[in-house]
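Remember, it's 1-based here, ligands and their atoms both numbered in the order they're listed. As the structure is a prediction and not an experimental result, all values here were calculated from the model.
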Amino acid sequence: MSEPEEKLQGEQRDSTKKKKKEKRSGKKKKKEKKEQEEEQQVEEDESECVVLRGIFKLGKKSHDVLLTRTRLTWTPITPETPTGEACVVQPGVVLLQDVYAVKVKRRRAIGQQSGGAVLGVALFCCKKRGKRLEEDTLHLHNASSEHTHTWYNTLKELLAGFSSRPRYLKVFINPSSHKKEAVHIYRDHVAPLFKMADVRTDITVTERKGHALSVMKECKLDEYDGVVCVGGDGSVAELCHAVVLRAQLDADSPEKPVKPVLPLGIIPAGSTDVVSCSVHGVRDPVTAALHIVLGHLQQVDMCSFSSLGQLVRFGFSAMFGFGGRSLALAEKKRWMPSSRRREYALVKTLARLRPEDCQLSFLPVKISKKNLFEQRDQTQDQESEGEESWTTNQGLYLSISIMSIPCLSPHTPQGLAPNTRLANGSAALIAVGNTSRSEFVKHLKRYSSSSGQDYFEPLLQDQLYSKKKEQPKDEVKQTDRTMRQSSFCLSPGRCCPLLEFHGATVETAVNFQFLLRGDTCRVSGEDPPPGADWLVGGGE
Ligand SMILES: Nc1ncnc2c1ncn2[C@@H]1O[C@H](COP(=O)(O)OP(=O)(O)OP(=O)(O)O)[C@@H](O)[C@H]1O
């Protein structure tokens, strides 16, 4: 046999072997999937077994009430019709995952603190209305004390099985936020829900900027199940930085960001609350508190910002040029009411609008224009295809922003960065080129409209960029998205060193707010050019 023929036969053998191997692995995968499905089915069947069944009055009618491990259902008991026809009624249902407290109802006289005749049980649950969560109560009446206590104890036991729900929280309240209402918001809307859900709290009312960070650096964290921030974006920024920094210090990992052990809950009490709006979809302290007591967790992409290899801060966003300057000015005018402060800073910065000569380097996510708009409704990751290579742009820019979350707020209904997601491992780079003041004002105005920006106007470059690098595959798997890296660097002007950014996804609670606001970071060396202020985590 000639050499090429031998080679051909060898190749054929190899390909048949390969096919057989693939077939075998395919069968194995199918078998595993089937086994998993069967296990899941058994689990579902078990959870749907009736744990308790009894009669309670709901309103004025008697109902047949069934309790399984996952839900409580009730059907009205109707007398048989003379013709014997069964009347079909849809049962009412409440999922136990939405129930945050259960109490025994008693009849008490005014001023009576304890005792009283048993009336039944009350289930406190949350009801979804759009993106808002609202409190709701289900009253099950039965005057038998034994019957009521059996149901109460069983319900308590089932609720205790939700392991992600917090039992003890470290709460930070910034009394100076927005209209100085944070303490009232906590006392009126949040504390009653925590009390009802038997969540204990250790409260610190902050006395100055940096107070929360210093407490977080020192306090013993193992006894808590989470940290809660009641305040605006600046407070959230401080606490997010504190939580991640603390995780890094505890793990003795000065180089790499570490996934924090504790989730962070955010109760919005500021003037814009972009992180809370982005995470919850609404700015509402009750929704936020209900997410916390129900133990809802949401991963959120966070960035580490560094200059010359030195960590500046952890945060969600950074702004340079117009955005950075106006936010820095607004921070200086804290004594003004927040809406006036915002307007003043915008007008003043617009009056002195000037471009910066910058060199931008970034790793773009390769998605088509069509996909960019399609993925507004998707939560899936945008994966970059093919070879990844740094793109470098040199030119004059009026404003440059990096945002790892959409930055929604009542003032920007579509968000400052509508094309990024909370936890997709990428961030938006929004660079506004040099243009006239009137064009730039038009661009700013479009943020406040509900249809948002046209992201393909020549003025604007909106890029999603991500990079999963320096991560061996198994490590990525192990840490479950925590280390997806995004990279971006900017060298403003000629004399400034680079500001680098690396993105990491960190698991957080819903309400996990990562906004590092209010900190103006000079990234240059000795002599910064005017306007080299970065506002890390700008929110307004
Ligand atoms: N007792 C305090 N007095 C003054 N400043 C404080 C105090 N406690 C915290 N701070 C600081 O106040 C800054 C601003 O607070 P925060 O962001 O909560 O309010 P806000 O600016 O009114 O809200 P928003 O950011 O949504 O506009 C934060 O940087 C925080 O560190």
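Other residues, nucleotides and ligands place no more than 12 heavy atoms under 6.0 Å from the CZ atom of Arg352. Lys103 NZ: more than 12 foreign heavy atoms inside a 6.0 Å radius. Heavy atoms of other residues, nucleotides or ligands lying less than 6.0 angstrom from CZ of Arg208 number more than 12.
For atom 28 (C) of ligand 1, the nearest non-hydrogen atom from the set Cys277, Ser176, Gly234, Ser409 comes from Gly234. Proximity annotation for atom 8 (N) of ligand 1: of Thr206, Thr272, Asp273, Thr206 comes nearest, heavy atoms only. Of the candidates Thr204, Ile173, Asn174, the one placing a heavy atom closest to atom 9 (C) of ligand 1 is Asn174.
Applying the 4.0 Å criterion to heavy atoms of Gly231 picks out, from ligand 1, the atoms 18 (O). Those atoms of ligand 1 with a heavy atom of Glu207 less than 4.0 angstrom away are 1 (N), 2 (C), 3 (N). When each atom of ligand 1 is checked for a heavy atom of Ser177 under 4.0 Å away, the hits are 16 (P), 18 (O), 19 (O), 22 (O). The Ser235 neighbourhood of ligand 1 comprises atoms 15 (O), 16 (P), 17 (O), 18 (O), 28 (C), with distances under 4.0 Å to a heavy atom of that residue. Listed by atom number, the atoms of ligand 1 under 4.0 Å from Glu238 heavy atoms are 30 (C), 31 (O). Those atoms of ligand 1 with a heavy atom of His178 less than 4.0 angstrom away are 19 (O), 20 (P), 22 (O).
Within the structure, every pair that satisfies the ring pair (Phe, Tyr, Trp, His ring centres under 6.0 Å) test and touches residues 205-227, not counting sequence neighbours, is listed here: Tyr168-Tyr224.
When the side-chain contact (heavy atoms from CB on, under 4.5 Å) test is applied to His184, the partners found at least two apart in sequence or on another chain are Arg187, Asp188.
Heavy-atom separations between Arg334 and ligand 1 include at least one value shorter than 4.0 Å. Not a single heavy atom of His211 lies less than 4.0 angstrom from ligand 1.
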Residues Leu422, Ser278; criterion side chain to side chain contact (heavy atoms under 4.5 Å, CB included); working and verdict: CA-CA 8 Å; Leu422 289 174; Ser278 303; 4.2 Å; yes
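Note: His443 and Phe440 have tilted aromatic rings, judged against thresholds of 30 and 60 degrees for the angle between ring planes.
Closest approach of Asp284 and Pro268 over heavy atoms only: N-CG, 3.8 Å.
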